[in-house]
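In what follows, a single structure is set out as structure tokens and then discussed.
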Amino acid sequence: MVPMPRMSPSSPSSPSSTSRPYHHGDLRAALLKSAERTLREKGVGALSLRELARDIGVSHAAPGRHFKDKQALLDALALDGYERLNQALGAAAEQPGLTLEQRMTALARAYLGFAVENPELLELMFARKHDPDSSAQLAAAVDESLGSFARMMADAQERGEIIQGDPERLTMVAAASLHGLAALIASCALEAEEALAGLDEHVHLLLHGLKPR
């Protein structure tokens, strides 16, 4: 019997090879998942394409197939966040048979729930949307994040449920009030449980004001 040749340590097919594969199933999704985990645990400063490649076990060049640099990765993370937020807001807004106050409360709960679960991601989302180099796709997702509030306000105006006026201004007031709650939670000035428990009253005050009735 002819003896089998011994494989050298540097052979690509050697079991002891430490080379990392270039391909990885859904590489883009794996990179984003790893990046979001790093963002949660260590902050945006710790994000690195090379470190992400090492984390998921691919060659250091592999992430370049999807993200040309760290800024492209941050844009993709922010876009993914907005898409998830928009999905949650859309589902809340599409519930039939609700009063205006109930619809606004549902939207508020969806937004605040996302903010409580993803504080680091939400901070990145707001940071990237103001970057002049952010993509048109991200800008469209940002506009859609206010779309659910804007459509609700426009519908309420048509029904005579709220005052007339610039719908964009009314939308900004409502959105700012809800984002203010999220900011208070993020700065530890307000407990998330307390904010969520008092959300019905918060929306009621937002709609009816503080003047005695």
Side-chain angles (χ1 to χ4, degrees), residues 4-94 107 109-149 175 179 182-183 185-186 192:
M4 294 293 292
R6 298 182 62 184
M7 297 169 65
S8 68
S10 61
S11 171
S13 57
S14 169
S16 62
S17 172
T18 58
S19 62
R20 296 180 182 271
Y22 189 84
H23 300 287
H24 179 290
D26 191 347
L27 177 59
R28 187 177 188 279
L31 287 168
L32 287 176
K33 183 177 180 180
S34 178
E36 187 169 346
R37 183 171 59 248
T38 299
L39 179 66
R40 288 175 183 269
E41 296 175 354
K42 303 178 182 178
V44 67
L47 285 172
S48 158
L49 290 176
R50 183 178 290 270
E51 289 299 320
L52 293 179
R54 182 179 294 112
D55 182 52
I56 64 176
V58 296
S59 70
H60 67 83
R65 300 175 60 198
H66 299 282
F67 309 114
K68 64 178 182 179
D69 53 26
K70 181 177 177 177
Q71 294 306 311
L73 171 67
L74 295 180
D75 271 354
L77 264 180
L79 177 60
D80 185 66
Y82 275 110
E83 288 175 344
R84 284 154 48 190
L85 173 60
N86 292 342
Q87 185 176 17
L89 294 176
E94 290 169 7
L107 274 175
R109 199 167 296 282
Y111 179 77
L112 204 59
F114 181 89
V116 169
E117 291 294 323
N118 307 277
E120 299 87 2
L121 179 59
L122 189 64
E123 182 179 357
L124 172 66
M125 289 160 58
F126 276 90
R128 292 307 300 159
K129 80 172 185 177
H130 294 299
D131 192 300
D133 296 325
S134 62
S135 68
Q137 190 178 10
L138 179 58
V142 172
D143 288 342
E144 179 57 27
S145 69
L146 283 175
S148 297
F149 287 99
H179 182 64
I185 293 170

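The CD atom of Glu120 lies 12.0 Å from the CG atom of Leu77; values are rounded to the nearest 0.5 Å. Note: Leu85 CG to Glu144 CD = 10.0 Å, rounded to the nearest 0.5 Å. Going from atom CZ of Phe114 over to atom CE of Met125 covers 4.5 Å, rounded to the nearest 0.5 Å. Here the CG-CD1 distance, from Leu32 to Ile56, works out to 9.5 Å after rounding to the nearest 0.5 Å. Atoms CZ and NZ, from Arg37 and Lys33 in turn, are 7.0 Å apart once rounded to the nearest 0.5 Å. To the nearest 0.5 Å, atoms CG (Leu31) and NE2 (His66) are separated by 6.5 Å.
Between Ala53 and Ser59, the shortest heavy-atom distance links the atoms CB-O, 3.5 Å. Residues Ala62 and Leu27 approach most closely at O-CD2, 3.5 Å, considering heavy atoms. Nearest heavy atoms, Lys70 versus Gly45: NZ-O, 3.9 Å. Listed here is the closest heavy atom pair of Asn86 and Ala141: ND2-O, 3.1 Å. Counting all heavy atoms, side chain and backbone alike, Ala72 lies closest to Phe67 at O-CD2, 3.9 Å. Shown here for Ala175 and Leu146, the closest heavy-atom pair between the two residues is CB-CD2, 3.8 Å.
Gln71 has its side chain within reach of Leu74: a pair of non-hydrogen atoms, C-beta onward, lies under 4.5 Å apart. Side-chain atoms of Asn118 and Glu36, non-hydrogen and from C-beta on, do get closer than 4.5 Å to each other.
Side-chain N or O atoms of Thr38 include one that pairs as donor or acceptor with a backbone N or O of Ser34 at under 3.5 Å.
Between Tyr111 and Phe149, the ring planes lie perpendicular to each other; the angle is over 60°, past the 30° to 60° tilted range.
Note on Lys42 versus Glu51: no salt bridge recorded, every NZ/NE/NH1/NH2 to OD/OE distance being 4.0 Å or above.
For Gln137, there are no side-chain hydrogen bond (donor to acceptor under 3.5 Å, both in side chains) partners two or more places apart in sequence or in a different chain.
A donor atom on one side chain and an acceptor atom on the other are not found under 3.5 Å apart for Ser135 and Asp75.
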- Message: Please determine whether salt bridge (Lys or Arg N to Asp or Glu O under 4.0 Å) holds for the pair Glu117 and Arg84, giving the CA-CA distance in whole Å, both sets of side-chain angles, and the decisive distance to 0.1 Å.
- Response: CA-CA 12 Å; Glu117 291 294 323; Arg84 284 154 48 190; over 6 Å; no

